[in-house]
Amino acid sequence: MGKTLVIAEKPSVGRDIARVLRCPKKLDGALEGENYVVTWGLGHLVTLCDPEHYDKKYQEWKMEDLPMLPKQMEIDVIRQTAKQYQAVKKQIYRKDVSQIVIATDAGREGELVARWILKKAGNQKPCRRLWISSVTDKAIREGFAHLRDAKEYEPLYHAAVCRAEADWLVGLNATRALTCKYNAQLSCGRVQTPTLAMIAAREQEIRQFVPKPYYGLTLTAGGIVFTWRDGKSGSYRTFSKERIQEIQKKIAGQPFHIAKVDAKRKKKQPPLLYDLTELQREANQKFGFSARETLNIMQRLYENHKVLTYPRTDSRYLTSDVVGTIRERLQAINSGAYRELVLPLLKQKIQGKPSFVNDSRVSDHHAIIPTEEAPSWIHMSNEERKIYDLVARRFLAVLYPACEYEETTLIGEIAGEQFFARGNRDLTPGWKAVYENYAKDEEEEDLKKQNLPEVKQKQQMAVSGMRMTEGKTKPPARFTEGTLLSAMENPVKYMESHDKQMAKTLGETGGLGTVATRADIIDKLFSSFLLEKKGEEIYTTAKARQLLEFVPEDLKKPELTAEWEMKLSRIAKGQLSHRKFMSDIRDYTVELVDEIKQGEGTFRHDNLTNKICPQCGKRLLAVNGKNSRMLVCQDRNCGYRQTVAKKTNARCPVCHKRMELIGKGEDASFVCACGHKERLSKFQERRKKEGAGVSKRDVQNYLKKQKKEAETPINNAFADALKGIQLK
């Protein structure tokens with residue numbers, strides 16, 4: 001029997017597999033051993049062909065050539081990674097290779113990476129599939145002991161191809177149609193456009209919001225603060241000031257007694273384990289990490305450090321087969337700050353409770369948990385340690401019992417009006433012991449939780465003070481990256497829609513996009529200057545607001561992507577024909593282009609400056625990137641851009657906010673929003689005296705990064721798609 005060729009998705013995973021399979025011999029883009037040859041992609045090595053591949057006329061963007069509907073979609077080798085493709089192809093055609101193992105990421109896109117390489121290479125050899133959730137040595141060995149026939153994953157591959165081809169047909173046709181129609185660099189897509197529409201809808205809500213004053217009443221008796229509650233509505237506030245004033249007059253000097261003492265013993269279960277979206281949301285809230293940053297850190301912890309399981313998961317539960325590995329995972333983290341928390345768990349029998357073990361709630365991958373590999377703190381960055389700590393503590397928390405406390409509610413009565421006070425007394429901390437500074441429970445509106453003294457029913461109490469409270473209703477909060485991820489995951493909650501079918505569809509498909517794509521979508525919206533950040537808050541740009549006016553209504557609705565994802569899921573399960581899906585997509589593409597052709601309106605740049613592009617002579621646009629301010633050429637074909645100011649981690653000595661670095665070389669200066677300004681050289685001197693600072697290496701790295709950014713095409717995701725554009 002010949003050798004087995006293993007195709008991994010990335011070099012790092014390929015090297016890990018090669019080490020486990022004892023493949024020490026280095027080849028060109030591969031590693032070889034006695035029984036195995038391991039090679040790898042660099043992510044995708046093959047992609048769908050550009051429009052001009054089908055017809056040379058598509059090199060120019062003309063409305064009369066749309067829609068582009070190739071009879072048969074074809075694939076081609078990605079030019080930038082062609083060398084590695086040839087290396088993989090060479091191994092496929094080796095005479096001593098008799099079978100192939102697909103070892104790319106265990107998911108829809110991972111399936112596509114390997115299948116397209118094999119299809120383009122014309123492979124005829126039998127294939128099997130490695131399906132694992134972590135890349136530890138143990139997981140790799142067990143995975144190879146239980147390889148599956150690749151034919152089992154044919155439906156998953158069909159779903160992946162449908163996703164890619166549908167995005168090509170709808171995305172490229174709609175983008176070209178909008179760009180030609182309005183003579184501006186406009187792009188749209190089935191996930192990014194509804195996401196943008198959701199942010200714009202929130203902004204509209206904020207603009208239209210009119211604050212209303214509201215009033216409440218508190219009284220103090222026996223050292224306890226009681227809050228008035230409306231007997232009919234149950235609300236702790238009213239919009240009528242006169243009503244509160246009348247109640248004040250009515251109860252003044254009247255006797256106050258405790259009508260009811262309600263003490264209940266309560267339990268609070270630990271929170272669910274992390275899926276990627278929940279982890280991204282919490283990392284943004286606690287550390288200010290963007291969705292992309294968190295995913296990148298997770299990838300390193302998964303691929304390089306091998307201390308966490310597969311990150312791109314949408315499940316918050318474990319499967320029953322993982323329960324037997326929990327003890328080993330606990331032993332891996334049994335050190336440092338976790339030792340005291342792990343030891344009690346190791347002394348008892350570990351059981352998989354339904355609260356975190358549920359096979360039916362896991363699709364491709366279980367929740368993110370630590371692997372059996374012990375973390376090497378010295379080799380981990382500060383950011384990596386923070387993310388690992390979140391996952392490790394959540395993993396420990398689900399293994400601890402519920403936290404128990406006694407909640408006491410006091411109801412006081414005075415002149416027919418009711419006043420409430422509430423207090424908690426911790427009994428056993430349970431899982432909360434895992435978190436040293438755990439957050440307190442959210443308080444119910446204005447009813448504050450307090451330490452209550454011993455109080456009996458019917459007890460008379462003297463009122464020592466009374467106070468009317470005032471406030472104003474607040475508009476909905478602007479989106480941050482964390483709350484935007486929540487909204488993408490559950491858009492129904494954030495939109496004014498009463499369509500039950502839409503709510504059902506969105507619930508079944510997990511919202512806009514997938515856990516694997518949401519960070520990319522948010523980044524794409526920033527890089528194409530449709531969104532900008534002010535502090536942590538996200539704003540739409542004038543370009544985005546105009547785009548939303550021009551885009552067909554259908555593309556703005558989350559139902560579209562929800563329906564796609566639901567159908568793709570059915571294709572992956574073998575329940576729906578991929579040919580029927582693509583036939584519907586082609587019909588939809590024709591309708592979409594016709595609608596854009598019939599649209600009305602004119603696109604206006606409101607961010608034109610008087611500065612001229614040094615490459616083509618057109619006026620530059622002033623844009624805000626995610627962490628920088630830039631001047632970019634209005635001509636997409638030119639692609640010139642220049643960084644004007646970059647947000648840094650350097651803190652202002654006056655107000656301690658993060659400062660911007662403006663200018664280059666000797667003219668570079670730090671500037672703060674509070675008005676403080678100092679030259680880079682002066683800043684370095686000051687920090688040196690303080691015993692810290694920006695080193696020459698830091699500055700060089702910053703300047704290199706700035707240069708690289710200037711050379712990178714704007715809106716990377718659409719760079720190739722838009723390369724043939726001709727704007728007047």
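We use all heavy atoms of the structure for the numbers below, so side chains are in, but hydrogens, waters and symmetry mates are not. Numbers here simply count residues along the sequence, with the first being 1. In this text the structure is predicted, and so the values were computed from the model without any measurement.
- The closest donor-acceptor contact from the side chain of Asn123 to the backbone of Leu118 lies at 3.5 Å or more, if one exists at all.
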Inset, instruction - Output, in order, the C-alpha distance, side-chain angles, deciding distance and verdict of side chain to side chain donor-acceptor pair (under 3.5 Å) for Thr483 and Thr480. - result: CA-CA 5 Å; Thr483 57; Thr480 63; 3.3 Å; yes
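- Within the 4.5 Å cutoff, side-chain heavy atoms of Arg339 are placed close to those of Leu343.
- For Ser315 (side chain) and Arg361 (main-chain N/O), a donor-acceptor pair under 3.5 Å exists by modelled atom type.
- Not counting sequence neighbours, the partners of Gln84 by the side chain to side chain contact (heavy atoms under 4.5 Å, CB included) test are Thr39, Trp40, Leu42, Leu45, Ala87, Val88.
- Residue Arg393 qualifies as enclosed at atom CZ: its count of foreign heavy atoms under 6.0 Å is above 12.
- A side-chain donor-acceptor contact under 3.5 Å links Arg316 to the backbone of Leu273.
- Panel note: side chain Arg658, backbone Thr648; a donor-acceptor pair is recorded below 3.5 Å.
- Using a 4.0 Å cut-off between charged nitrogen and carboxylate oxygen, Lys306 and Asp16 count as a salt-bridge pair.
- Within the 3.5 Å criterion, the main-chain N or O of Leu346 finds a donor-acceptor partner in the side chain of Arg327.
- A 6.0 Å sphere centred on NZ of Lys353 holds more than 12 heavy atoms belonging to other residues, nucleotides or ligands.
- For the pair Arg129 and Glu152, the salt-bridge criterion is not met [side-chain N within less than 4.0 Å of a carboxylate O].
- With hydrogens and angles disregarded, a donor-acceptor distance shorter than 3.5 Å links the side chain of Ser527 to the backbone of Lys524.
- There is no side-chain donor-acceptor pair under 3.5 Å between His44 and Thr47.
- Panel note: side chain Asp314, backbone Thr514; no donor-acceptor pair is recorded below 3.5 Å.
- Using a 4.0 Å cut-off between charged side-chain N and carboxylate O, Arg312 and Glu109 make no salt bridge.
- The neighbour count for Lys138 NZ, taken as heavy atoms of other residues, nucleotides or ligands under 6.0 Å away, is above 12.
- Residues Trp564 and Cys162 are not in side-chain contact: their nearest non-hydrogen atoms beyond the backbone lie 4.5 Å or more apart.
- Between Phe670 and Phe683, the angle of the ring planes lies from 30° to 60°, which puts this pair in the tilted group.
- Salt bridge present: Asp167 and Arg163 bring a charged side-chain N and a carboxylate O closer than 4.0 Å.
- Note: Lys286 NZ to Ile387 CD1 = 10.0 Å, rounded to the nearest 0.5 Å.
- Shown are Glu489, His366, Gln280; of these, the side-chain contact (heavy atoms from CB on, under 4.5 Å) with Asp275 is made only by Glu489.
- Within a 6.0 Å radius of CZ in Arg22, other residues, nucleotides and ligands contribute 12 heavy atoms or fewer.
- Looking only at distances, no side-chain donor or acceptor of Glu328 sits under 3.5 Å from a matching main-chain atom of Glu372.
- Checked by atom type and distance alone, the side chain of Arg394 never pairs as donor or acceptor with a backbone atom of Pro271 at under 3.5 Å.
- Taking the six-membered ring where tryptophan is involved, the planes of Phe287 and Phe289 are tilted, since the angle between them lies from 30° to 60°.
- Relative ring orientation between Phe144 and Tyr36 is described as perpendicular, the plane-to-plane angle rising above 60° on a 0-90° scale split at 30° and 60°.
- Panel note: side chain Arg108, backbone Leu156; no donor-acceptor pair is recorded below 3.5 Å.
- Atom CG of Leu130 sits about 12.0 Å away from atom NE2 of His146, to the nearest 0.5 Å.
- If you run side-chain contact (heavy atoms from CB on, under 4.5 Å) between Thr313 and each of Val515, Thr277, Ile368, only Ile368 comes through.
- Taking the charged nitrogens against the carboxylate oxygens, Glu383 and Lys386 have no contact shorter than 4.0 Å, which rules out a salt bridge.
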